[in-house]
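Everything on this sheet refers to the single structure shown next.
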Protein chains: 2
Amino acid sequence: MTDATPIQQTARPHDRLADALADDMAAVGRLISTRMASEHAPRIPEVTAHLVGAGGKRVRPLLTVAAARLCGYEGDDHIKLAATVEFIHTATLLHDDVVDESAQRRGRPTANLLWDNQSSVLVGDYLFARSFQLMVECGSLRILDILSGAAATIAEGEVLQLTAARNLATTEETYLKVVRGKTAALFQAACESGAVIAGASEDHVSALAEFGDAMGISFQIMDDWLDYGGAGDAIGKDLGDDFREGKLTLPVIRALTRSNSEERVFWRDALERGRADDLDRARAILERHGTLEETRAEALIWRDRAKAALHRLPASDLRDMLGDLADYVVVRAL
Amino acid sequence: MTDATPIQQTARPHDRLADALADDMAAVGRLISTRMASEHAPRIPEVTAHLVGAGGKRVRPLLTVAAARLCGYEGDDHIKLAATVEFIHTATLLHDDVVDESAQRRGRPTANLLWDNQSSVLVGDYLFARSFQLMVECGSLRILDILSGAAATIAEGEVLQLTAARNLATTEETYLKVVRGKTAALFQAACESGAVIAGASEDHVSALAEFGDAMGISFQIMDDWLDYGGAGDAIGKDLGDDFREGKLTLPVIRALTRSNSEERVFWRDALERGRADDLDRARAILERHGTLEETRAEALIWRDRAKAALHRLPASDLRDMLGDLADYVVVRAL
């Protein structure tokens, strides 16, 4: 568990950021609870409660609030934007559930599956709609453009991931589009919209947009690394999930280009034909071609780009905390 | 088939409207095709092609275009709004598929089901996002407010329908909320946004909003009537779908209040416990309490409200065609 020490050392930045912005984040929490409620359909808060409850780290709204304050914002529309970003994130989680639940159907009662699917899809739609209502209240067409564009990129990335799964011909270019869609697009929009609502200069807006994009990419690349290189219990997810789901992530895409015919047969059986029953063999092949180490290095490159973007902003405690957060996400998943 | 003659007589208004607005609707069709495309995820147009293809009657975009022109609009942003409305409608259809496919899973290959669910959910999300991008391009915060509000009402109504299903205590008030969510809200937003983009007077905007709401309600009430009172082959759907799915629609809600204990046992078994194997018995009970006739009368009341709202608008061919359309939708489902 070589990650143990750095995890301990870097666990603080996220919490320090949350402490520094505690009042704003409390307001975000209150707004989320208010807007989640539905007089017509009481089931909605039931379904979303466990998702938007205190459990979540709320990294995305934290980015929005931090970006706005970092740019000297004194108003309170950034609270609405932060709630918007969290609603979009929660809606995508709910819709991912449908896919996951479908996959895990075996042995589960149909009614239950059916119910979950219905609730997940429809409540997710409700949160999407509520998020757009919140954006509209902010009255900034530019922010509406940023966030509706991010929503489209997210959906596109998810569909792309669907079509790329089990396809050994997936390129690094496609992988990067998927990564942007599933993670970086919302990180970027969260930061960018915070800067825009603050009326920041174009250079500061683009600096925060680049920061969100690069940090989101480094975070997702590390998440994909952890699926093969991490220690299951430490990351709160099973190792090899991506492997079993036939997802073509960076370590695999690179290893495939260097695999011999025997190894290619293994990948085809495991990823294309779904016979992913030998994770150790997969990890051994990745190790042999050194692609786990390369993947980690790639995440660090994006981490460095994120921090470089931050240096185009005036020095401040919040800026330093965002830099520490960028260091933190490449050590373990948020 | 007592409906045959009126159907023939009234089949024209919708086509006449489409003919009168042929150029606009052709532009809507082109914009839908363009914006549906995704350079990153080619699967998206594949999935949506059969839904947004020439097959659909495109009633909702037709309402938007008609409302705008009726109010003397000379610009072309109404084309974007019409495409927006059709995208929202298509997205809800895709998400309804998830529910339906889950219900029909018996005998279908899991992979197929899984794939359909994933594609339906994610491509629906993509269309939602694209629809908001189109709205934003129109640059009207008021229209964004109207359409994002409609999207929330739609999702709320769907969730409400979910919780009301198989619940014999469902009231007419709840039923009306479901009807507004699943149908009237988008009809209303389609008409209202067309009037707003045209810069119409507040009275004309609210007249068209009321027209869309009332016509949508009369349309949905007739659709619910048809499920028990129609002739399956004529409406292109199986009779008794709502009955088998345990949906509490107006004819059933009213019959329940008048049912004797023996009939209540029948409804409980059929709707609550899902033993809906005797549609003839259900229809006989509805006939006995006269609620099919009452439901039809209720649809006509809403049809009259729709036409009354139209009379607050200046006389024109388009206005008359919308009035004929209101007559048409209570004769059969669109």
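First the proteins, then the strands, lettered A, B, ... as listed; each starts at 1.
Only the side chain of B:F128 has a heavy atom closer than 4.5 Å to any heavy atom of chain A.
The CG atom of B:L141 sits 4.5 Å away from the CG atom of A:L141 when rounded to the nearest 0.5 Å. With rounding to the nearest 0.5 angstrom, the CD atom of A:E158 is 14.0 Å from the OH atom of B:Y126. In this structure, CG on B:L160 lies 11.0 Å from CG on A:L122, to the nearest 0.5 angstrom. Separating the CG atom in B:D125 from the CD1 atom in A:I154 is a distance of 9.5 Å, to the nearest 0.5 Å.
At a threshold of 4.5 Å between non-hydrogen side-chain atoms, the residues B:H95 and A:H95 count as touching. When side chains are defined from C-beta on, A:S119 does not count as touching B:V159, because their heavy atoms never get closer than 4.5 Å.
Of the residues A:L144, A:V136, A:I143, A:I146, the one that meets the side-chain contact (heavy atoms from CB on, under 4.5 Å) test with B:V136 is A:L144.
Heavy-atom minimum distance, A:G149 versus B:Q133: CA-NE2, 3.5 Å. Of all heavy-atom pairs between A:A151 and B:A129, the closest is C-CB, 3.6 Å.
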